[in-house]
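As structure tokens, the structure follows; a few thoughts come after it.
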Amino acid sequence: MPTSPLTFRTATDADIPGLVELIESAYRGDASRAGWTTEADLLQGQRTDPDDVAAVVRKEDGRLLVAEQDGQLVACCQLDHRGDHTYFGMFAVRPTLQGSGLGKVIIAEAERTALSTWGAPEMRMTVIRQRAELIAWYERRGYRRTGQLSPFPYGDERFGIPQRDDLEFELLVKPLG
């Protein structure tokens, strides 16, 4: 892991190409296999695109939080204020840095930001329920499974090309503060 301090900031339009590359590298294709968060066995195709990332960057009641180290973009996450909670998504850590403890630092900063910026009492996220190892990681961070499932958007290739027919999202929640 690089040795210089980690810095956080809100993404800008200039970050969009680098963010798309980071998110794609963390979830899809052979590059993602360098880390443990890959979805390559569940989904092929794209994870996101410049338009989707731009929509998050430009969202009025949200932000795309980026983490940089040694002048490089190393992680990001979406924070979307939704009244009684903040939605956490688009979480990506550069694959070669996964397993180094960086993800724990990023999610803690995301929670702190949600609480200090919006006073959000709860963080929510959806995770593909077949991602048992990832869900267990979130549970160790204080998130709890709700059992509330929502369907995967089959047929919409903007979310990837499913490699199995039983994908669903599960809602995870964590009280903040």
Side-chain angles (χ1 to χ4, degrees), residues 1 4-20 22-23 26-27 35 37 39 47-69 71-94 97-129 131-153 158-159 168-177:
M1 191 158 136
S4 69
L6 191 63
T7 58
F8 293 96
R9 64 179 175 79
T10 299
T12 67
D13 282 354
D15 296 310
I16 293 170
L19 287 165
V20 171
L22 171 66
I23 295 162
Y27 288 95
T37 64
E39 294 174 342
R47 170 70 161 76
T48 193
D49 61 34
D51 291 339
D52 288 341
V53 173
V56 175
V57 167
R58 297 171 186 155
K59 188 164 180 31
E60 192 168 310
D61 216 7
R63 67 179 55 173
L64 194 54
L65 186 66
V66 299
E68 293 176 314
Q69 200 162 39
Q72 299 295 312
L73 183 62
V74 295
C76 69
C77 64
Q78 169 190 4
L79 299 173
D80 188 5
H81 183 236
R82 298 183 180 175
D84 65 343
H85 70 278
T86 296
Y87 179 80
F88 176 83
M90 219 176 262
F91 184 32
V93 174
R94 191 150 308 280
L97 298 176
Q98 291 176 17
S100 69
L102 188 57
K104 294 175 196 173
V105 174
I106 305 305
I107 199 166
E109 178 65 13
E111 292 165 358
R112 187 202 64 73
T113 299
L115 192 57
S116 67
T117 303
W118 300 296
E122 185 176 80
M123 187 84 87
R124 297 182 188 173
M125 68 178 77
T126 55
V127 179
I128 296 173
R129 73 170 175 85
R131 305 280 321 274
E133 186 178 2
L134 182 59
I135 290 172
W137 187 87
Y138 284 122
E139 288 178 312
R140 291 191 299 274
R141 312 276 89 67
Y143 288 81
R144 70 173 175 77
R145 299 179 80 160
T146 64
Q148 183 178 334
L149 303 176
S150 57
F152 185 86
R158 291 178 306 149
F159 298 97
E168 294 178 296
F169 294 105
E170 183 170 358
L171 178 66
L172 278 61
V173 298
K174 179 181 179 178
L176 301 178

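Between Tyr138 and Tyr143, the two ring planes are perpendicular [angle over 60°; tilted spans 30° to 60°].
The heavy-atom pair separating Ile106 from Cys77 by the smallest distance is CG2-SG, 4.3 Å. Minimum interatomic distance between Met125 and Tyr87 (heavy atoms only, all atoms of both residues): CA-CE1, 3.8 Å. Looking at every heavy atom in both residues, Met90 comes nearest to Thr48 through CE-OG1, 3.9 Å. For Leu19 against Ala11, the heavy-atom pair with the smallest separation is CD1-CB, 3.7 Å. Residues Phe169 and Pro151 approach most closely at CD1-O, 3.7 Å, considering heavy atoms. When all heavy atoms of Ala114 and Leu176 are compared, the closest pair comes out as CB-CD1, 4.0 Å.
Applying the side-chain hydrogen bond (donor to acceptor under 3.5 Å, both in side chains) rule to Arg94 yields the partners Glu21; only residues at least two apart in sequence or on another chain are considered.
Listed by first and then second residue, the salt bridge (Lys or Arg N to Asp or Glu O under 4.0 Å) pairs that reach into residues 11-20 are Arg9-Asp15, Asp13-Arg58, sequence neighbours excluded.
For the pair Glu122 (side chain) and Asp84 (backbone), a donor-acceptor distance under 3.5 Å is absent. Remark: side-chain polar atoms of Thr146 are paired, donor with acceptor, to backbone N or O of Leu171 under 3.5 angstrom. Put simply, the side chain of Glu170 gets close to the backbone of Gly147: a donor and an acceptor are under 3.5 Å apart.
With rounding to the nearest 0.5 angstrom, the OG1 atom of Thr7 is 5.0 Å from the CD atom of Glu68. Note that CE of Met123 is 13.5 Å distant from CZ of Arg141, once rounded to the nearest 0.5 Å. With rounding to the nearest 0.5 Å, the separation of CG in Leu149 from CD1 in Ile128 is 12.5 Å. For the atom pair CD (Gln78) and CZ (Phe88), the distance works out to 9.5 Å, reported to the nearest 0.5 Å. Atoms OG1 and CD, on Thr86 and Glu111 in that order, are 10.5 Å from each other to the nearest 0.5 Å. Once rounded to the nearest 0.5 Å, the distance linking CZ of Arg63 with OG1 of Thr117 reads 4.0 Å.
Side-chain contact between Phe8 and Thr113 is absent, with no heavy atoms from C-beta onward closer than 4.5 Å. The shortest distance between side-chain heavy atoms of Trp137 and Val127 does not fall below 4.5 Å. Annotation: side chain of Cys76 is in contact with side chain of Ile23 (closest heavy-atom distance under 4.5 Å).
For Glu139, the CD atom is densely surrounded, since the number of other residues' heavy atoms within 6.0 Å is greater than 12. The neighbour count for Glu168 CD, taken as heavy atoms of other residues, nucleotides or ligands under 6.0 Å away, is above 12.
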